[in-house]
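What follows is a set of notes on a single structure, which appears directly below.
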Amino acid sequence: MNVDGVLASGRAAAEERMRDTVRLYTQGPDVFNRSNGTTTPGPQTDLYAGKARVKSIAAATGEDAEAGQREVLLREYEVSLPWATPLPPGTRVLPGARIEVTASPDARMVGLVLWVLSASFSDQSTAWRIRTEDRS
């Protein structure tokens, strides 16, 4: 059995299931303007834009948390990107990066912003999987 051939077939099959389009980016810190009391969101840096598979993690029932003096429900998702997805040199996907769903056959997912919790790597994976959460 040729492991490389099996992996290539598995990666091709995984990519066929990637029907969503996402944008993976980092968000710079917000800037507060003391003179007028407004906050401007920090700059965004795109790391990837393209096909993906976004799926809810069935075991994640959601967890109530407080954020900015309001209750939010945290739901976990797994985002699969093509295994060979390149990143800019010297860049790693770290917790706090974000993934925005820009297109999907399920129109209810469009506009969903997910916060990266962790990213896993393996030379024998069929896709690059990123664990995220919806903080809405």
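Throughout, residue positions are numbered sequentially from 1 according to the sequence presented.
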Look at the side chain of [X] and the backbone N and O of [Y], then say whether any donor-acceptor pair between them is shorter than 3.5 Å.
| X | Y | answer |
| --- | --- | --- |
| N33 | T38 | no |
| Q27 | G42 | yes |
| T26 | A97 | no |

Listed once per pair and sorted, the ring pair (Phe, Tyr, Trp, His ring centres under 6.0 Å) pairs that draw on residues 85-126, sequence neighbours left out: F121-W128
Residue pairs fulfilling ring pair (Phe, Tyr, Trp, His ring centres under 6.0 Å) with at least one residue in residues 12-57, sequence neighbours excluded: none
Indicate the atoms forming the closest heavy-atom contact of [X] with [Y], along with that distance.
| X | Y | answer |
| --- | --- | --- |
| A103 | V110 | CA-CG2, 3.9 Å |
| R129 | S80 | CG-OG, 3.6 Å |
| A127 | M18 | CB-CE, 3.9 Å |
| Q124 | L7 | O-CD2, 3.4 Å |
| T132 | V116 | CG2-CA, 4.1 Å |

List the residues meeting salt bridge (Lys or Arg N to Asp or Glu O under 4.0 Å) with R34, not counting sequence neighbours, and say none if there are none. none
Got [X] and [Y] here, is their nearest side-chain heavy-atom distance under 4.5 Å?
| X | Y | answer |
| --- | --- | --- |
| R53 | R19 | no |
| D4 | V6 | no |
| P105 | D20 | yes |
| I130 | I99 | yes |
| R98 | E100 | no |

Please list, chain by chain and in numerical order, all residues satisfying side-chain contact (heavy atoms from CB on, under 4.5 Å) with S118, sequence neighbours excluded. R131
Listed partners of D123 passing side-chain contact (heavy atoms from CB on, under 4.5 Å), at least two apart: none
Going by atom type alone, with no hydrogens or angles, which donor-acceptor pairs under 3.5 Å involve a side-chain atom of residues 85-95 and a protein atom two or more places apart or on another chain?
{"from": "T85", "atom 1": "OG1", "to": "P82", "atom 2": "O", "distance (Å)": "2.6"}
{"from": "T91", "atom 1": "OG1", "to": "P88", "atom 2": "O", "distance (Å)": "3.0"}

Are [X] and [Y] connected in the hydrophobic side-chain network, where two residues link if heavy atoms are under 4.5 Å apart?
| X | Y | result |
| --- | --- | --- |
| V22 | M109 | yes |
| W83 | V54 | no |
| L24 | L112 | yes |

Regarding D46 and R23, does a basic nitrogen lie under 4.0 Å from an acidic carboxylate oxygen? yes
State plainly whether the residues R135 and E133 are in salt-bridge range, i.e. N to O under 4.0 Å. yes
Looking at CD of E76 and CG of L114, how far apart are the two atoms once the value is rounded to the nearest 0.5 Å? 11.0 Å
